[in-house]
Protein chains: 2
Amino acid sequence: MARAPRRRNSERREESEARILDAAEQLFAAHGFNGVSIKDIAVAAEVDTSLVHYYFGSKAGLFTAVLARRAPGINQARIKSMEDYEAAVGEAVTVAGAVRAYLEPAFAIAIAGGEGEHAYMSLVAQISVTPAGGLPGVDLTAFDPAIEVFIDLLRSARPDATRADLYWFYQMLSGAITQSWARTGRIDRLSGGLCDSDDMETILEQTIAIFSGGLNPIATP
Amino acid sequence: MARAPRRRNSERREESEARILDAAEQLFAAHGFNGVSIKDIAVAAEVDTSLVHYYFGSKAGLFTAVLARRAPGINQARIKSMEDYEAAVGEAVTVAGAVRAYLEPAFAIAIAGGEGEHAYMSLVAQISVTPAGGLPGVDLTAFDPAIEVFIDLLRSARPDATRADLYWFYQMLSGAITQSWARTGRIDRLSGGLCDSDDMETILEQTIAIFSGGLNPIATP
DNA sequence: ATTATCTATAGATCTATAGATAATGC
DNA sequence: ATTATCTATAGATCTATAGATAATGC
């Protein structure tokens, strides 16, 4: 009679944690923090509810853990992409080039990674439009370093713009991307099928095209 | 002994409904549909919980009523603004002019109207980035007619662009605006105080400036 | 002996409704 | 007589924890 192979504790723990994080990532992205119960997550992860508390302490702790899992990787990929771009073009930084260098890593990760990574981007995007104080002590400053690098890169491309202009530009870009990550299907419906909100390659190129013409001096009304 | 003046039933009803809708608007905008309980709303509105059910049937019914209250006014103001613009400039429609004509009414309503109107815009913005199926049967098609007019106006300004380009442009613009309505305070923090996420006049002008340079042909990577 | 997992349940909500009471309607 | 408001509560969750059991660690 074959016995089940012994699995080390560290393995058992890691697998359970990963299943819980995967399920939580999907469900939080789809329904928001308050739209999901710990039981929903436990059922999806095929573990017991109490295991979620055992590993993550509380629902807020789990949410924080979901965000923390992929943040460093994305942040580092963004910074590396922008550093590589700057090293490649030297002084000849353009708005389009900076936007591409900033955006491409997250798109690449989502396209190559699949549903988990995509859900993560959607979740971060939703949080970025959540009014202050609307969520439990969630720390979103993890993404700040890459944004500083992006602002610096934009300044090289457009030394004539004010710093406030650059930050507003980032804000608009960030909002546009949020809309795309959410994949609401709204643009598909409005356009009568001309646009596909799952087509991330097209979304990336459209975003770059639209925003590379921006950063104009503010027109007097 | 002075007796309290008799108040007609229609008055009592209207005031209670308005108080409930006002409270629900603020709280849903701040915490999302699932982040607020009917009791929270009733307490804020200073009415009993059961009165919410009496007038709106269910939580989803209340949410729908909140959205329905201001949708027609905003939609009509947008359409009128764009029709007036087109009548004024004739053939000489520009992207900047179209964007301004589309955006201005909502900003004007929020600036003149105060917290209720602003909360409403924030709520609609948040819904627009909620993944499909994430909310109870909410109908957002109320805003579709104005969007069609906007797309037509853009086409007059840029007859060379494909229809898909125009819809993507709308999607990006819509996302950028979402970010601004949410007033997360994030841009204030990132910019070290250079930007003020409550300054709706500046946000409107920045949005027009950034997006009026857009709608470029898609660059090959 | 320690760590992972399961059982059972406390205690606090939350949505919704039935039924009573207090106004206004006519 | 009808409509608005209040009282009381059913029934279903939901988060979290205490304590038991079943693995692995060494």
Side-chain angles (χ1 to χ4, degrees), chain A residues 1-28 30-66 134-138, chain B residues 1-28 30-66 134-138:
Chain A
M1 184 74 176
R3 271 186 85 260
R6 280 166 72 102
R7 300 178 62 232
R8 285 184 306 160
N9 269 345
S10 57
E11 268 183 286
R12 296 206 293 160
R13 177 183 193 121
E14 273 161 34
E15 195 199 307
S16 291
E17 284 183 348
R19 289 158 74 104
I20 293 166
L21 287 170
D22 287 344
E25 187 170 61
Q26 289 286 345
L27 288 169
F28 282 142
H31 305 104
F33 181 76
N34 292 302
V36 178
S37 73
I38 291 176
K39 193 183 177 190
D40 293 334
I41 294 165
V43 167
E46 295 179 74
V47 301
D48 192 88
T49 307
S50 58
L51 210 59
V52 177
H53 286 99
Y54 180 65
Y55 283 128
F56 301 102
S58 67
K59 191 180 176 185
L62 172 59
F63 192 76
T64 302
V66 168
L135 280 177
V138 170
Chain B
M1 187 69 178
R3 272 185 85 261
R6 279 166 74 101
R7 299 178 62 231
R8 285 183 308 161
N9 270 344
S10 57
E11 267 182 286
R12 296 205 295 160
R13 176 181 193 125
E14 273 161 35
E15 194 200 308
S16 291
E17 283 184 348
R19 289 159 74 105
I20 293 166
L21 287 171
D22 287 344
E25 187 170 61
Q26 290 286 344
L27 289 169
F28 282 142
H31 305 104
F33 181 77
N34 291 302
V36 178
S37 73
I38 291 176
K39 193 183 177 190
D40 293 335
I41 293 165
V43 167
E46 296 179 73
V47 301
D48 192 88
T49 307
S50 58
L51 210 58
V52 177
H53 286 98
Y54 180 65
Y55 283 128
F56 300 101
S58 67
K59 193 180 175 184
L62 172 58
F63 193 76
T64 302
V66 168
L135 279 176
V138 170

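In what follows, chains are A, B, ... by sequence order, proteins preceding strands, each numbered from 1.
What separates CD of A:E11 from P of C:dT2 is a distance of 22 Å, to the nearest Å. In this structure, the CD atom of A:E46 is 15 Å from the C1' atom of C:dT5, given to the nearest Å. Rounded to a whole Å, the OH atom of A:Y54 is 9 Å from the C1' atom of C:dT5. Atom-to-atom, CD of B:E15 to C1' of C:dA23 comes out at 15 Å; the value is rounded to the nearest Å. Atoms CD (B:E14) and P (D:dT3) sit 15 Å apart, rounded to a whole Å. Separating the CG atom of A:N9 from the C1' atom of C:dT2 is a distance of 8 Å, rounded to the nearest angstrom. Going from atom NE2 of A:H53 over to atom P of C:dT7 covers 17 Å, rounded to whole Å. Protein atom CD1 of A:I38 is 16 Å distant from nucleotide atom P of C:dC6, rounded to whole Å.
Comparing B:S37 and A:T49 by the nucleotide of DNA chain C whose heavy atom lies nearest to each, the residue mapping closer to the 5' end is A:T49. Mapped onto DNA chain C by nearest heavy atom, B:K39 and B:S10 fall at different nucleotides, with B:K39 at the one closer to the 5' end.
A:V47 has its side chain out of reach of A:I41: every pair of non-hydrogen atoms, C-beta onward, lies at least 4.5 Å apart. Side-chain atoms of B:I38 and B:H53, non-hydrogen and from C-beta on, do get closer than 4.5 Å to each other. Counting heavy atoms from C-beta outward, A:E15 and A:R7 have side chains that approach closer than 4.5 Å. For the pair A:D22 and A:E25, the minimum side-chain heavy-atom distance is below 4.5 Å. Side-chain contact check for B:F28 versus B:K59: some heavy-atom pair is nearer than 4.5 Å.
When heavy atoms are screened at a 4.0 angstrom cut-off, B:S50 is found touching base atoms of the nucleic acid. Within 4.0 Å (heavy atoms only), A:Y55 reaches sugar-phosphate atoms of the nucleic acid but no base atom. Residue-level contact check: B:S58 touches the backbone only, with heavy atoms under 4.0 Å from sugar-phosphate atoms and none from bases.
Phosphate proximity of D:dT15 to A:K59: present, with a side-chain N or O under 4.0 Å from OP1 or OP2. For A:R13, a side-chain nitrogen or oxygen approaches OP1 or OP2 of C:dA4 to under 4.0 Å.
Across all strands shown, D:dA20 forms a Watson-Crick or G-U wobble pair, both distances under 3.5 Å, with C:dT5.
The side chain of A:D48 lies closest to C:dT7, out of C:dT7, C:dA16, C:dA4.
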